[in-house]
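This report refers to the structure that appears directly beneath it.
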Number of protein chains: 2
Amino acid sequence: MPRKRNTRRSPDVPTLADVARLAGVSEITASRVVRAQGPIADSTRLRVLSAIAELSYIPNRAAGSLASAGSTLMSVLLPSLSNIVFPDVLRGIHTALTQTAFQPVIGVTDYDPLIEERILISFLAWQPAAVILAGLHHTPVARRHLEQGRFRVAELMDIDGDPVDIAVGMSHRQAGYETGRHLIQRGYRRFGYARHNILTDDRASARYEGLCASLREAGLSLITEHVYPGPSSTIAGRDTLAILLSGHPGLDVVIFPNDDMAMGGIFHCMHAGITVREQLGIFGFNGLDIGQAMPMPLSTILSKRFLIGKTAAEKLLESRERPPEKTIINTGFEIIEGATA
Amino acid sequence: MPRKRNTRRSPDVPTLADVARLAGVSEITASRVVRAQGPIADSTRLRVLSAIAELSYIPNRAAGSLASAGSTLMSVLLPSLSNIVFPDVLRGIHTALTQTAFQPVIGVTDYDPLIEERILISFLAWQPAAVILAGLHHTPVARRHLEQGRFRVAELMDIDGDPVDIAVGMSHRQAGYETGRHLIQRGYRRFGYARHNILTDDRASARYEGLCASLREAGLSLITEHVYPGPSSTIAGRDTLAILLSGHPGLDVVIFPNDDMAMGGIFHCMHAGITVREQLGIFGFNGLDIGQAMPMPLSTILSKRFLIGKTAAEKLLESRERPPEKTIINTGFEIIEGATA
DNA sequence: GCCTTTTATGGTAGCGCTGTCATTATTCGT
DNA sequence: ACGAATAATGACAGCGCTACCATAAAAGGC
């Protein structure tokens with residue numbers, strides 16, 4: 001005697017077979033209606049759709065994915081969500097995926113390549129159609145999986161390096177370099193630098209290097225820098241500036257790795273009675289809304305986060321197959337002159 | 001003649017059968033090693049693990065989920081990621097899930113119950129073990145799915161209502177009420193209110209109602225309010241305060257629906273030469289880092305976002321089955337006196 | 001030493017869906 | 001009007017894994 005069907009499942013979850021039976025068609029026809037694929041007579045479609053509605057049928061994507069060896073998932077691996085940069089990227093991705101069948105699945109790596117590797121592998125277990133990551137630097141294991149998988153890969157934010165497939169972003173090294181040139185041209189000479197302790201934020205490091213290069217070219221160098229013993233935050237910026245100035249009161253400009261910390265720097269100046277720009281220039285990175293809403297808008301660099309996310313997702317949707325050659329898309333950046341440097 | 005196996009897949013993706021063959025065991029034994037389930041001899045486990053490593057085997061979770069009628073996914077549906085509140089909640093969830101087999105899958109609803117319903121259904125297609133949503137208000141269809149599904153449900157942020165399963169959060173109505181009481185006690189009498197256009201931010205509405213109730217009790221009422229024709233942002237707060245004051249110069253305190261907008265209000269005061277607190281009180285909501293980093297820390301209410309996320313995920317992990325009775329966990333809130341009201 | 005329990009392993013049958021191929025009904029071109 | 005293309009539908013196997021049961025060997029109890 002054959003074992004009773006359906007022993008493992010809750011008895012009342014409808015399957016495609018139930019829908020097909022109710023609509024009086026075969027399973028495969030019902031499947032075609034669900035996927036809007038292949039020629040279906042209008043009358044048939046209607047009957048199937050009403051059966052779906054009546055049963056509150058939800059397709060089982062695990063079964064679908066297994067049968068078709070593919071999914072409509074797009075894995076997105078981001079370093080952090082506390083840093084507003086990445087939610088902006090995500091919004092871009094979402095915007096591009098709305099009205100498509102694709103669905104983003106988000107993981108957070110905490111800037112740790114090993115966590116990235118672990119999450120990547122657990123995402124690959126769901127057979128995603130595409131993978132989006134931040135940066136070009138991954139563990140060797142992750143890189144191998146990215147290169148060998150049957151999915152397209154986009155690496156965001158950074159374009160200084162060798163992408164797996166598609167890179168969308170800007171040159172952070174160049175942004176750092178332009179920052180230095182801009183500030184030198186505006187007359188600043190005595191540079192300080194504030195850092196945070198996220199050593200794996202490769203973009204921040206690249207900007208730092210670019211800045212140093214431009215100073216070197218002008219015969220200058222950083223007078224001082226301080227690494228805040230914690231992740232980036234406004235308070236980190238405030239406290240770091242206080243420390244920098246206590247050791248080197250002669251600084252005339254301080255560069256921060258991002259706008260959040262730069263805002264903290266401005267708050268320190270307000271508190272200590274330092275006139276921003278005249279006495280001390282403050283320069284950030286990202287071009288956040290809040291910095292531009294201040295009475296004296298923050299001098300910074302606008303990174304085009306939303307555009308990066310949107311462009312990457314659109315590019316990934318262009319073809320189902322892995323492209324034969326690598327693509328690098330430079331979304332560029334803009335110096336916002338602002339009023340603080 | 002039987003059709004060749006594996007025609008649909010790329011030929012070189014290893015399966016559990018390949019692992020088992022290489023290790024010289026049966027598929028089910030290899031499966032047990034992968035899942036760390038059931039008794040396995042150490043020598044066998046080692047052989048299987050080394051076969052897995054050699055082949056770079058990645059389990060196919062679609063197949064696993066289909067066979068076991070379950071997954072280790074935890075669906076998380078949040079209204080927005082631009083609002084820093086939700087990344088904080090997410091961090092809490094992540095913290096609770098680290099070192100467990102569970103994996104969060106994040107969707108963004110843009111504060112739209114219909115989008116929430118759509119994303120919920122597409123997530124349910126993956127048979128999640130649990131679902132986390134924001135708020136207690138969902139479409140009837142969504143509510144029905146939540147109630148009938150074979151997964152646990154946590155509704156976050158808000159506890160003023162009837163949860164499906166578990167609610168974790170605070171009473172926003174009470175927070176609004178306490179805000180009013182606090183400000184009245186501090187001597188403020190002429191209240192203004194700034195709003196944004198996200199009508200479905202039920203929490204903001206509940207705070208608004210609580211505030212009005214406390215004013216009514218004290219024989220007061222809002223003198224004016226302005227709805228900014230756009231989503232919440234610092235610039236929205238700045239511009240809204242300008243409009244409120246131009247119409248009603250006699251206001252002595254303005255309450256904002258969140259810290260971002262309140263910061264914008266402070267920036268307007270700085271720009272317009274208004275002395276915050278003496279001439280005009282400013283009150284926010286959330287207790288963000290950046291507001292507390294200002295020279296005069298923002299007066300606001302601390303909502304415990306991280307704790308909410310962490311508590312909810314922990315609670316969901318407690319049992320595999322849907323709890324027989326509803327649970328409401330009040331994480332509370334704290335008034336931060338600050339220096340702006 | 002014999003029976004029971006525990007440990008370790010395997011055979012088999014699906015889970016729910018879709019790719020492939022086949023079949024029939026309809027439309028079209030000339 | 002007749003073969004050829006097209007539209008609409010179905011039968012069936014199998015995707016990769018795990019639940020279920022069975023079996024065999026080792027360990028324990030008295």
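Predicted model, so just to flag it, every value in this text is computed and none were measured. Residue numbering restarts at 1 for every chain, and letters A, B, ... go by the order of the sequence lines.
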Identify all pairs in which a protein N or O lies below 3.5 Å from an N or O of nucleotides 7-9 of chain C, and state each distance.
unit_1, atom_1, unit_2, atom_2, d
dT9(C), OP1, Thr44(B), OG1, 2.6
dT9(C), OP2, Ala41(B), N, 2.9
dT9(C), OP2, Thr44(B), OG1, 3.4

For atom [atom1] of [X] and atom [atom2] of [N], their distance in whole Å:
{"X": "Arg35(A)", "N": "dC17(C)", "atom1": "CZ", "atom2": "P", "value": "11 Å"}
{"X": "Leu16(A)", "N": "dT18(C)", "atom1": "CG", "atom2": "P", "value": "7 Å"}
{"X": "Arg61(A)", "N": "dC15(C)", "atom1": "CZ", "atom2": "C1'", "value": "15 Å"}
{"X": "Glu27(A)", "N": "dG14(D)", "atom1": "CD", "atom2": "P", "value": "16 Å"}
{"X": "Gln37(A)", "N": "dA7(D)", "atom1": "CD", "atom2": "C1'", "value": "15 Å"}
{"X": "Asn60(A)", "N": "dT18(C)", "atom1": "CG", "atom2": "P", "value": "9 Å"}
{"X": "Gln127(B)", "N": "dC17(D)", "atom1": "CD", "atom2": "C1'", "value": "14 Å"}
{"X": "Trp126(B)", "N": "dC17(C)", "atom1": "CH2", "atom2": "C1'", "value": "12 Å"}

Considering only side-chain heavy atoms of Leu66(B), which listed nucleotide, dC15(C), dG19(C), dT18(D), is closest? dC15(C)

Please tell me which of the listed nucleotides, dA19(D), dC15(D), dC17(D), lies nearest to the side chain of Ala63(B)? dC17(D)

Pair Asp165(A) + Lys315(A), salt bridge at N-O below 4.0 Å: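 Salt bridge: no.
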
Heavy-atom closest contact (Val108(B) atom, Ser80(B) atom, distance): CG1-CA, 3.9 Å

In short, side chain to side chain donor-acceptor pair (under 3.5 Å) pairs touching residues 54-64 of chain B with sequence neighbours left out are Arg144(A)-Ser56(B)

Short question: side chain of Glu155(A), backbone of Val164(A) - any donor-acceptor pair under 3.5 Å? yes

Salt bridge (charged side-chain N to carboxylate O under 4.0 Å, His left out) partner of Asp88(A), chosen from Arg305(A), Lys310(A), Lys304(A):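 Result: among Arg305(A), Lys310(A), Lys304(A), Arg305(A) is the only option passing the salt bridge (charged side-chain N to carboxylate O under 4.0 Å, His left out) with Asp88(A).
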
Pair Glu117(A), Thr139(A) - check side chain to side chain donor-acceptor pair (under 3.5 Å), show working. CA-CA 7 Å; Glu117(A) 175 187 310; Thr139(A) 67; 2.7 Å; yes

